[in-house]
Amino acid sequence: MLERDNVDPRRLVVMTYSNKAAGELSERIAKRRPDAAAAMWIGTFHAYGLNLVKQFHQALGFSREPRLIDRAEAIDLMLDRVAGLNLTHYRELYDPTDKLRDFLSAISRAQDEVVSADRYAELVEEMRALDHSSETQERVKRAREVAQVYKSYTDLKRALERIDFGDLVALPAELLTRNPTIAAQLREDIDHVLVDEYQDVNRASVQLLKAITNQGRNLWCVGDVRQSIYRFRGASSLNLARFDHGDFTGAMRDQLDTNYRSREEIVEAYSTFADGMTLAGATSVKLKAHRGRLGRPPEFRHIDGITENEIDGVADAIAELRAEGYSYRDQALLCRGNDRLAELGRGLEARGIPVLYLGSVFERPEVKDLLAWLSLLVDRRAMAMARDTGIPGMTLSLEDIGALSDALNDDALPPLAWLGSGVAGFSSDGIATIARYSALLDGFDARSAPWDVLAQLLLDRTRIAADICSSNDMAARAKGIAIWQFLNFVRAQPLSSGNAISRLLERIRRLVRLSDDRDLRHIPQAAQGIDAIRLMTMHGSKGLEFPAVHVTGMTKGSFPKRNPAPTCPPPDGMIKDAGGAGIDFAAREDEDELQCLFYVALSRAKDRLILYSPNKDTANRKRNPSDFIARMGKGVESRIVSATNYGIDNSDAPVAINLIGESTYWQHQLSVYERCPRRFFYTYVLNVGGKRVTSSFEDMHEVVRRVITELNAAETAIDLATARDVFDVHWNSSELASRQASTAYRVLADELVTRFALTRAEGTLEPGQSLRFKVGSATIRVNFDYSLVDGTGRKTLRYIQTGHHKKTVLTGNAAFAPLLAAQHAAPGYGAELLHLSDGIRVALSDHAGKAADKRAGIGKIVDAIAAGQFEPKPSNRSCPKCPAFFTCGTVPPGTAQKKF
DNA sequence: CAATCTGTTTTTTTT
DNA sequence: AAACAGATTG
């Protein structure tokens with residue numbers, strides 16, 4: 001219509017909700033009207049907002065164009081601030097990064113609703129006055145602290161002249177509402193505004209639209225409530241419902257009734273599903289399938305086996321369809337989450353099927369090799385030398401790694417010092433390898449610029465780039481793309497003086513922790529033509545179409561699966577028109593969103609649609625299909641399928657290990673093994689563990705731990721004043737004392753030390769004991785901090801933990817070592833865990849019934865260590881904090897020797 | 001039979 | 001953390 005009416009493309013604004021959508025749209029228009037595509041403005045709300053912020057930065061109160069920060073930077077900014085806010089209901093945990101992330105997403109939601117920090121605080125007080133139930137009052141207390149953080153964060157951004165993603169839309173929306181002159185001035189340059197995927201707009205975007213359009217009279221929107229899948233970022237069914245009843249009074253609505261994409265069988269399936277959708281504002285639509293019937297129904301394949309067999313089933317189907325004429329590039333594989341997608345990608349590749357998917361760039365071996373090498377320039381312990389690079393001549397044997405780690409243990413040498421001097425006990429191969437590393441890293445040091453180092457390593461000093469270029473298979477191309485993306489990322493880092501390498505590595509850890517490395521996963525346009533299966537999340541598939549679509553993970557309990565309620569729920573009334581408690585609304589919206597997500601996935605298919613789920617879990621219990629399967633109606637062919645066994649073995653080969661003599665393990669070593677056996681291997685077997693990555697909070701706890709150790713060494717009771725003196729000495733000699741905002745940490749540390757001193761006085765004090773017990777031929781050691789005799793003569797050993805009590809504290813086996821040690825070596829004593837941060841005590845003696853099981857569990861750990869079983873347990877949460885983050889991968893060849 | 005415990009599985013993201 | 005399947009317990 002706009003085309004026909006001769007609209008001036010220069011006066012046309014087209015808004016989308018993602019860069020991908022903007023790119024697609026731009027390309028489609030360029031095909032028909034290349035001149036127009038170049039002239040009109042096409043982009044995301046955020047991009048449009050950024051332009052406005054730049055243009056009107058003075059009106060917005062900035063002295064210059066503010067710098068945009070991402071989530072990782074925002075957390076960096078706030079880390080020291082939260083310590084000073086004295087929050088009680090959201091206590092700082094060991095690492096406040098997680099808490100801050102929760103705060104920031106709550107703040108971001110508020111920005112989506114154009115609710116300022118002050119307004120947020122008002123809403124909290126309104127909620128307090130309205131509902132006196134204890135449940136609500138509890139939420140009030142928490143929301144009040146969010147308001148505090150919100151205010152502090154906003155002030156900080158103002159002071160530093162920074163803006164975040166939320167500001168990109170919220171600030172212009174506010175400005176234009178407040179300042180009609182600017183809005184009018186903007187409107188003069190715009191004839192029409194087009195909004196694609198209107199169901200994804202949030203309040204901030206609507207407000208922006210209201211300001212730049214003439215009360216909606218020149219606004220054109222396309223939207224489908226059934227495809228509203230971005231509710232977690234403020235898109236709400238209410239916005240579409242309100243489109244012509246409130247937001248843009250007098251707007252017109254029309255409905256599409258013909259589908260030009262999918263075959264009739266597929267349209268039937270998702271229409272049937274849509275009829276059962278419980279969705280506010282959805283009207284029933286009878287879609288006509290323009291392309292008619294194909295004669296092949298959508299399928300549900302209930303794969304006989306576990307999750308791994310589901311990949312076999314998909315591989316079979318991909319091969320079948322290929323034989324029928326659907327090339328790899330015609331087929332897409334969708335699932336809910338990125339983690340599963342990565343597994344599917346690896347699995348299909350292992351089964352010989354090419355996939356167009358990178359996964360997380362920083363977790364790819366070829367990128368990890370580069371990161372490991374970079375880390376050598378700043379890591380005096382040279383931990384990365386324990387990595388198997390897979391590049392001939394560039395990997396040390398386990399024996400040589402042992403020798404190197406011995407050599408680096410004693411001296412406080414600077415990084416790379418080991419390259420020059422010979423290392424005692426090295427094999428001749430090892431000496432040759434070290435020589436190659438000397439050549440590889442020659443001339444670089446901790447102050448080198450990461451990009452320069454990487455470029456030289458790739459192009460001049462190794463054959464990595466050359467090998468990738470000369471190879472033509474899909475795996476090599478994916479490697480090339482991953483390295484390319486990584487280099488682009490490195491180059492985009494802000495230039496700064498000092499140690500850029502350390503900061504780069506630190507930033508990567510944080511990005512992975514926050515899962516904010518996703519935009520690096522995009523496959524460049526140039527690679528899109530490759531004949532390989534397209535892998536993407538259901539969210540990522542929106543707006544795309546494929547001749548054949550495979551959807552995995554259709555198990556009950558995993559799809560649909562309610563998202564956990566936000567840690568920091570919004571105050572009631574923050575979401576306009578939601579009515580009732582904010583959390584209930586969120587839960588309803590969540591259910592809707594999952595139905596929409598399924599609808600989106602189904603409607604991507606043009607000809608063929610196959611859904612999958614495994615029918616067993618690893619404990620051989622049955623897993624039922626998702627309830628959604630039945631809701632697609634009778635047109636779906638549903639059957640149990642036995643997939644081909646591709647003989648893929650994902651098990652981790654044991655490491656050759658030689659344990660000298662009888663072993664003695666500390667309890668904390670067993671805990672590490674339980675959390676991640678591979679980490680245990682690096683830290684205690686190879687002994688290459690460098691310093692753990694710590695936050696200020698953790699450093700603070702470390703100081704407290706040192707104070708406790710010193711106080712424990714004293715045989716007599718210690719008064720508070722002495723305890724404080726000891727604390728002063730340790731605090732002042734710690735690195736923390738000189739850090740910014742250290743007073744806040746000091747207050748916390750002081751509380752912990754005080755509590756420790758007080759708990760020692762709860763009875764007659766006896767000194768701590770180092771107890772041991774045997775499991776098989778191994779000995780387990782546990783250090784108790786002290787023991788107390790109370791008035792009735794009952795004796796209790798205390799085991800102090802400086803942090804908060806967690807419900808999971810008694811999961812696993814190693815946690816019971818104190819109980820077992822007390823039972824065995826200190827008869828007549830009870831054993832108790834005491835958490836200093838909250839004073840919570842756990843009487844281990846109450847769990848004596850589990851002792852036998854736990855002892856057996858510890859026996860299994862000990863045996864597994866002796867058998868060289870060190871499989872990695874990857875997790876986005878813990879891996880980025882692990883010292884071996886850049887090292888972890890295949891274990892190098894050789895035999896590890898170790899005396900525990 | 002209901003209640004409780006155990007083990008397994010599981011989320012999305014805008015420059 | 002919370003849902004699910006199944007076993008165990010009272």
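Please read all numbers here as calculations on a predicted model, not as lab measurements. Residue numbers begin at 1 in each chain, while the letters A, B, ... track the order of the sequences.
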Original post:
Are the ring centres of A:F300 and A:H302 closer than 6.0 Å?
Top reply: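 Ring-ring flag for A:F300/A:H302: true, centres closer than 6.0 Å.
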Show me the donor-acceptor pairs, under 3.5 Å and distance only, between side chains in residues 355-363 of chain A and residues at least two apart or in other chains.
from	atom 1	to	atom 2	distance (Å)
A:S360	OG	A:D517	OD2	2.4

**OP:** Establish, from distance only, whether the side-chain atoms of A:E113 and A:N202 form a donor-acceptor pair under 3.5 Å.
**Re:**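 Per modelled atom types, A:E113 and A:N202 side chains form no pair under 3.5 Å.
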**OP:** Ignoring hydrogens and angles, state whether a donor on the side chain of A:S205 or A:Y17 is under 3.5 Å from an acceptor on the partner side chain.
**Re:**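 Distance-only check passes for A:S205 and A:Y17.
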**OP:** Name the orientation class of the two ring planes belonging to A:F598 and A:F628 (parallel below 30°, tilted from 30 to 60°, perpendicular beyond 60°).
**Re:**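 A:F598 and A:F628: tilted rings.
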**OP:** Taking atom P in both B:dT11 and C:dC4, compute the distance separating them and give it to the nearest angstrom.
**Re:**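 About 15 Å, rounded to a whole number of Å.
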**OP:** Pick base, sugar-phosphate or nothing for A:N624, based on heavy-atom distances below 4.0 Å to the nucleic acid.
**Re:**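 Since only primed, P, OP1 and OP2 atoms lie under 4.0 Å of A:N624, the category is sugar-phosphate.
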Original post:
Going 5' to 3' along nucleotides 9-15 of chain B, which nucleotides have protein heavy atoms under 4.0 Å from the base (write B), which only from the sugar-phosphate (write S), and which from neither (write -)?
Top reply: SBBBBBB
